[in-house]
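Just so it is clear, the values below take in all heavy atoms, side chains as well, and ignore hydrogens, waters and symmetry mates. A note on names: the letters A, B, ... follow the listed sequences, proteins ahead of strands, and every chain is numbered from 1.
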2 protein chains.
Amino acid sequence: MSETATATAPRLLDRRELAAWRGMVRTQVLLAREFEAELVRDHGLQLTAYEVLMHLVDAQDGRLRLSDLATLAVLSRSGLTRLIDRLEREGLVVRERCPSDARGYFAVITAKGREQVTAARKDYLDNVRARFLDLVSDEEQEQLGAIWTRILQALEPGLKP
Amino acid sequence: MSETATATAPRLLDRRELAAWRGMVRTQVLLAREFEAELVRDHGLQLTAYEVLMHLVDAQDGRLRLSDLATLAVLSRSGLTRLIDRLEREGLVVRERCPSDARGYFAVITAKGREQVTAARKDYLDNVRARFLDLVSDEEQEQLGAIWTRILQALEPGLKP
DNA sequence: AGGTGAACGTTGCATCTGCAACTGTTGCGT
DNA sequence: ACGCAACAGTTGCAGATGCAACGTTCACCT
């Protein structure tokens, strides 16, 4: 009963832990807000739409199975369904049946989609550099990468190669 | 035209930058998902509700101006209004007029709110430790804290002391 | 073959969120 | 004092998202 707070208080975080954890949460949320606002303003793309299109341009043949896309974009499958609906309405992607699995569909990026995401990507990456990468030294970047790999490894036991 | 991609391709991120940036985004999103799911399941609190209550218990007299709370929780003011509505309906906070400014309100945490957030905090912090802090050495935590401070400083020029 | 459980994608429903517009209040400049 | 811009909080509205349930198809096992 020598603690300062109530007797049932759980062990809180010390200064170091607090700075590492809360700082990350706040940084990520604020950066995401900022980047999304610019994407919407300059390119008419939500962050999730940008992420999906980005994964598509980077994929083989510009196509990906919907469920893979959901995993990559960290969206529920229903959320992805409706996002693809919107993108298809805007002519940025099309759905194509999967020849080898009648249950499945591919999302395929269109030429218009490629143009739009390429333009958006330039501004987005400029932003990432200006607000994040330029403030972190090469050595720190290496270290960050190692940390994320460690944590993600623990979070996602079985992940594609 | 010796590049592999189209001629208009912007400079993308190299391996190191990619690992540092994408890793952070993915880590944060997956951790938030995980933590929120557990908070909802075990304590009936959304992540934003937890954050608001947490800021309130940590605040002087368990009270904070609504707009300060919105800033702390990184929510729009309308979003916060409705969140406080919900929390008030559940008896976890109450609104009180601000004596010195007739435009303003305080959100004040109730005894019930304190109980609930204290219980939730224990599990939440256990989770943060298990999935994040325990995987990061003390030195790395120090370094992370320094990085976030640097970035947040640039993002939020004028911040309260 | 036949059957059963799992996977894929979609839909109904409820919830959460932000933007823009609005009301009321403050404080500053004249 | 007065007027006017800025601020605090709320509300209408539209959009995005997840969960649970569903129909269809696949894969495996006997």
Side-chain angles (χ1 to χ4, degrees), chain A residues 29-30 32-41 44-53 56 63-90 92-108 158 160, chain B residues 29-30 32-42 44-53 63-90 92-108 158 160:
Chain A
V29 174
L30 287 173
R33 248 189 179 346
E34 190 89 5
F35 294 167
E36 166 135 38
E38 283 211 33
L39 275 177
V40 169
R41 179 163 54 72
L45 288 177
Q46 316 264 154
L47 201 48
T48 53
Y50 170 79
E51 291 256 321
V52 159
L53 294 175
L56 283 177
R63 75 182 48 216
L64 238 29
R65 285 291 294 267
L66 295 194
S67 48
D68 293 334
L69 211 38
T71 304
L72 287 170
V74 196
L75 278 172
S76 67
R77 276 176 317 175
S78 62
L80 183 79
T81 290
R82 295 185 233 254
L83 177 50
I84 296 295
D85 287 348
R86 278 173 262 149
L87 294 177
E88 206 168 19
R89 233 176 284 130
E90 295 180 48
L92 305 179
V93 305
V94 290
R95 265 182 253 245
E96 278 185 25
R97 296 207 77 98
C98 175
S100 63
D101 186 342
R103 293 170 300 180
Y105 282 89
F106 286 105
V108 188
K160 324 199 111 181
Chain B
V29 174
L30 287 174
R33 249 190 179 343
E34 190 90 4
F35 294 167
E36 166 136 37
E38 282 211 34
L39 275 177
V40 170
R41 179 163 54 72
D42 298 342
L45 289 177
Q46 315 266 151
L47 201 47
T48 54
Y50 170 79
E51 292 256 320
V52 160
L53 293 176
R63 72 182 50 215
L64 239 27
R65 286 291 293 267
L66 295 193
S67 47
D68 293 334
L69 210 39
T71 304
L72 287 171
V74 197
L75 277 172
S76 68
R77 276 177 321 185
S78 62
L80 183 79
T81 289
R82 293 185 234 255
L83 178 49
I84 296 294
D85 287 347
R86 277 173 262 150
L87 294 177
E88 207 168 19
R89 230 175 288 129
E90 296 181 47
L92 305 179
V93 307
V94 290
R95 266 180 251 245
E96 276 185 26
R97 296 207 77 99
C98 175
S100 63
D101 185 341
R103 294 170 299 180
Y105 282 88
F106 288 104
V108 188
K160 319 199 118 182

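Remark: C1' of C:dT17 and CG of A:Leu47 are 15 Å apart, rounded to the nearest angstrom. Counting to the nearest Å, the P atom of C:dC16 and the CD atom of B:Glu36 are 10 Å from each other. Per the geometry, CG belonging to A:Leu69 stands 14 Å off C1' belonging to C:dC8, to the nearest Å. To the nearest angstrom, P of D:dT11 lies 12 Å from CG of B:Leu66. If you measure from atom CG of B:Leu83 to atom C1' of C:dT17, you get 11 Å, rounded to the nearest angstrom. Nucleotide C:dT17 holds its C1' atom 15 Å from the CD1 atom of B:Ile84, rounded to whole Å. Rounded to a whole Å, the CZ atom of A:Arg33 is 12 Å from the C1' atom of C:dC19. Distance, A:Asp68 CG to C:dA7 P: 14 Å, rounded to whole Å.
Heavy atoms of B:Leu75 sit under 4.0 angstrom from primed sugar atoms or phosphate atoms, though from no base atom.
Qualifying ring pair (Phe, Tyr, Trp, His ring centres under 6.0 Å) partners for B:Tyr50, counting only residues two or more places apart in sequence or in other chains: B:Tyr124. Taking B:Glu51 as the reference, A:Arg22 meet the salt bridge (Lys or Arg N to Asp or Glu O under 4.0 Å) condition, with sequence neighbours excluded. Among residues two or more places apart in sequence or in another chain, the side-chain hydrogen bond (donor to acceptor under 3.5 Å, both in side chains) test is passed with B:Glu90 by none. Every residue meeting the side-chain hydrogen bond (donor to acceptor under 3.5 Å, both in side chains) condition with A:Ser78, not counting sequence neighbours, appears here in chain and number order: A:Ser76. For A:Arg77, the salt bridge (Lys or Arg N to Asp or Glu O under 4.0 Å) criterion is met by no residue, not counting sequence neighbours. The side-chain contact (heavy atoms from CB on, under 4.5 Å) check on B:Ala37 picks up nothing, with sequence neighbours excluded. Under the side-chain hydrogen bond (donor to acceptor under 3.5 Å, both in side chains) criterion, B:Arg97 pairs with B:Tyr105, not counting sequence neighbours. With sequence neighbours left out, B:Ser67 forms a side-chain hydrogen bond (donor to acceptor under 3.5 Å, both in side chains) with no residue at all.
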Protein-nucleotides 1-4 of chain C N/O pairs under 3.5 Å:
none

Using the 3.5 Å cut-off, write out each protein N or O paired with an N or O of nucleotides 11-14 of chain C and the distance between them.
residue	atom	partner	partner atom	Å
C:dG12	O6	A:Arg82	NH2	2.4

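Residue B:Arg95 has a polar side-chain atom (N or O) positioned under 4.0 Å from OP1 or OP2 of D:dT10. The phosphate of C:dG9 (OP1 or OP2) has a side-chain N or O of A:Arg65 nearer than 4.0 angstrom. Under 4.0 angstrom from either OP1 or OP2 of D:dC7 there lies no side-chain N or O belonging to B:Ser67. Taking side-chain N and O atoms only, B:Thr48 has no distance below 4.0 Å to OP1 or OP2 of C:dC16. Residue B:Gln46 has a polar side-chain atom (N or O) positioned under 4.0 Å from OP1 or OP2 of C:dC16.
Against DNA chain D, the stretch residues 96-107 of chain B makes heavy-atom approaches under 4.0 Å through B:Arg103, B:Gly104, B:Tyr105.
Of all non-hydrogen atoms in B:Leu47 and B:Glu36, the two that sit nearest each other are N-OE2, 3.2 Å. In this structure, B:Cys98 and B:Arg65 approach most closely via the heavy-atom pair SG-NH1, 3.3 Å. In terms of heavy atoms, B:Pro99 sits closest to B:Phe106 at CD-CE1, 4.0 Å.
The bend of the helix from C:dA1-D:dT30 to C:dT30-D:dA1, defined by the angle between the axes of its first five and last five pairs, stands at 30° to the nearest 10°.
The distance from the CG atom of A:Leu87 to the OG1 atom of A:Thr48 is 8.0 Å, given to the nearest 0.5 Å.
Within the 4.5 Å cutoff, no side-chain heavy atoms of B:Leu39 are placed close to those of B:Gln46.
Judged by distance alone, the side chain of A:Glu96 and the main-chain N or O of A:Ala107 form no donor-acceptor pair under 3.5 Å.
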